[in-house]
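Written out below as structure tokens is the structure these notes cover.
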There are 2 protein chains.
Amino acid sequence: MTTIERARSGRGRIDKRTAILDAAVKVFSQEGYAQANIDAIASLAGVAKPTVYNHFHDKETLFRTVMRDSADRSTARIIAAFATLPDDGADLAGELERVGHLMVECQLSEEGWALQRLLYAEAARLPDLYDEVVARGGIPALNVLAGRLAGLANRGHLEIDDPAVAAGQFMALVAGNLPALSALGTRPVSPDDLADAVRDGVRTFLRAFAAPARRRSSRRPRES
Amino acid sequence: MTTIERARSGRGRIDKRTAILDAAVKVFSQEGYAQANIDAIASLAGVAKPTVYNHFHDKETLFRTVMRDSADRSTARIIAAFATLPDDGADLAGELERVGHLMVECQLSEEGWALQRLLYAEAARLPDLYDEVVARGGIPALNVLAGRLAGLANRGHLEIDDPAVAAGQFMALVAGNLPALSALGTRPVSPDDLADAVRDGVRTFLRAFAAPARRRSSRRPRES
DNA sequence: GTTATTTTGAACTCATACGTTCAAATTGGC
DNA sequence: GCCAATTTGAACGTATGAGTTCAAAATAAC
């Protein structure tokens with residue numbers, strides 16, 4: 001089943017499989033699940049229709065595979081971006097903006113939007129697929145960011161009660177405007193608007209969570 | 001065409017039309033556009049199929065009407081909620097939480113999620129519909145909230161540079177966790193989780209935008 | 001009651017598209 | 001060169017569903 005298994009088994013032609021997946025992600029994201037045409041996918045992949053059914057039992061299996069792969073790619077990108085956030089707190093605003101940019105660019109990518117739109121579209125029909133994508137994507141990414149923020153808080157650069165909450169709020173603040181800006185990914189976003197949105201989000205995040213400059217309290221409870 | 005026109009023209013049976021729309025919103029939101037079946041809508045509305053085509057020229061027209069009506073209802077609810085935000089700044093945190101609750105409940109409603117999922121699903125295919133819904137829904141609602149926040153800022157209860165940005169960030173902070181919490185509207189949200197999310201959002205919003213207690217920025221001294 | 005309009009049921013047309021079948025061609029391993 | 005697995009093309013069966021047609025029935029206006 002897995003890419004690796006097939007590659008080792010020898011006989012299966014791995015390139016056909018990936019060609020089908022590449023074509024499928026394009027067609028699904030342009031047309032949506034129901035409107036996507038298997039013949040179109042086969043033709044775009046340069047493959048005969050029975051070959052598609054040879055690799056993927058039916059349309060739903062193909063769709064699920066596409067969504068899983070897409071989620072894995074996006075997650076890897078976002079986690080890599082978060083991992084570059086330094087712990088030392090130097091130029092915190094600049095670093096948060098940089099990471100915020102990487103994050104939104106991942107979501108703004110063709111594939112990021114496609115994944116999100118398809119998830120929304122099919123969540124009601126395939127709730128387990130939604131759960132799986134969240135488990136593979138959103139949750140790990142959020143955990144990584146929460147860990148970085150917790151590190152910054154421990155070193156006194158941020159004042160954070162709950163790192164997971166703060167991580168979610170960072171994402172909401174920085175990326176919350178993206179759907180409106182890009183019309184759900186159907187229109188290009190001007191780099192200036194994007195930079196403004198990220199900057200505003202980071203500024204508000206820091207207004208809420210930046211540790212007071214004078215005090216270098218590692219942990220200062222605000223109220224009981 | 002409009003409800004009112006039809007009601008005055010007399011001959012058209014207005015109740016059939018609304019019954020069709022009610023049925024259509026249910027079927028569309030459960031099945032999605034492509035999977036939605038006109039026969040099912042007609043049957044659920046207690047109406048013959050040609051009657052559907054008598055009121056709405058084709059499936060897409062019916063869909064667009066459903067989306068517009070749904071957007072109008074949601075917008076009216078949210079704007080009504082925002083309008084109850086008092087200007088005087090008394091119990092600001094409590095009031096923001098109350099309004100935040102009204103806002104997320106609107107989005108959490110069956111219809112709110114249906115609208116959002118269908119928008120995401122069909123945005124690529126019907127970009128103009130997306131624009132129309134945003135123009136009727138998101139933008140007016142955001143403007144009303146921005147106006148309220150600006151009022152609070154003028155009276156010295158908030159410290160806000162750009163009310164529109166702050167309004168968008170309020171929505172992002174308070175509602176940003178909803179998709180994950182409710183699995184895009186496919187699962188019920190526990191009232192406790194919901195209250196936590198709203199409280200966390202409002203707390204962060206106030207940490208970023210609350211006017212410092214000592215300084216009386218503009219007009220009104222803080223009464224305490 | 002008369003009349004114009006709407007509604008209804010049922011059957012029909014037509015297009016789309018999933019998934020299958022199968023014999024022939026191709027491929028890769030040995 | 002031989003064999004086993006895969007691929008291919010093209011046709012097919014089948015299902016689904018949008019939108020139409022039409023004559024009969026129901027309805028509202030006058």
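Convention: sequence-line order gives letters A, B, ...; per-chain numbering from 1. Only a predicted model underlies this, so the values are computations on that prediction, with no experimental measurement involved.
- Listed pair A/H55 / D/dT6 fails the phosphate criterion, with no side-chain N or O lying under 4.0 Å from OP1 or OP2.
- For the pair A/K59 NZ and C/dG19 C1', the interatomic distance rounds to 12 Å; values are reported in whole Å.
- When the nucleotides C/dT7, C/dC18, D/dT7 are ranked by their closest atom to the side chain of B/T51, C/dT7 comes out on top.
- Ring geometry, A/F28 versus A/F63: the interplanar angle exceeds 60°, so the pair is classed perpendicular (tilted spans 30 to 60°).
- Residue pairs meeting the ring-ring contact (aromatic ring centres under 6.0 Å, His included) criterion with at least one partner in residues 118-150 of chain B, sequence neighbours excluded, are A/Y120-B/Y120.
- Closest to the side chain of A/A48, from the set D/dG19, C/dT8, D/dG9, is D/dG9.
- Screening residues 169-180 of chain A for salt bridge (charged side-chain N to carboxylate O under 4.0 Å, His left out), with sequence neighbours left out, gives no hits.
- The NE2-P distance, from B/H57 to D/dA18, rounds to 15 Å in whole Å.
- Within the 4.0 angstrom heavy-atom criterion, no nucleotide atom of any strand lies near A/A42.
- Of the residues in residues 25-35 of chain A, not one comes within less than 4.0 Å of DNA chain D through any heavy atom.
- For the atom pair B/R125 CZ and A/R117 CZ, the distance stands at 12.0 Å (nearest 0.5 Å).
- Taking atom NZ of residue A/K49 and atom C1' of nucleotide C/dA17, one finds them 7 Å apart after rounding to whole Å.
- Distances were taken from every side-chain heavy atom of B/N54 (C-beta onward) to each of D/dA18, C/dC18, C/dT7; the shortest belongs to C/dT7.
- A heavy-atom distance below 4.5 Å is not found between the side chains of A/M103 and A/V198.
- Between B/F205 atom CZ and B/L92 atom CG the span is 8.0 Å, to the nearest 0.5 Å.
- Rounded to an integer number of Å, the gap from NZ of A/K16 to P of C/dG28 is 9 Å.
- Rounded to whole Å, atom P of C/dT7 lies 11 Å from atom CZ of B/R17.
- Nucleotide D/dT6 holds its C1' atom 12 Å from the CD1 atom of A/I20, rounded to whole Å.
- Taking OG of B/S190 as the reference point, atom CG of B/L181 lies at 8.0 Å (rounded to 0.5 Å).
- Ranked by how close their nearest DNA chain C nucleotide is to the 5' end, A/P50 and A/I38 are led by A/I38.
- Distance B/L62 CG to D/dG19 C1': 13 Å, rounded to the nearest Å.
- Summarising the geometry, the separation between CG on A/D58 and C1' on C/dC18 is reported as 9 Å, rounded to the nearest angstrom.
- For B/N37, whose side chain is taken as the heavy atoms from C-beta onward, the closest listed nucleotide among D/dA18, D/dT21, C/dG19 is D/dA18.
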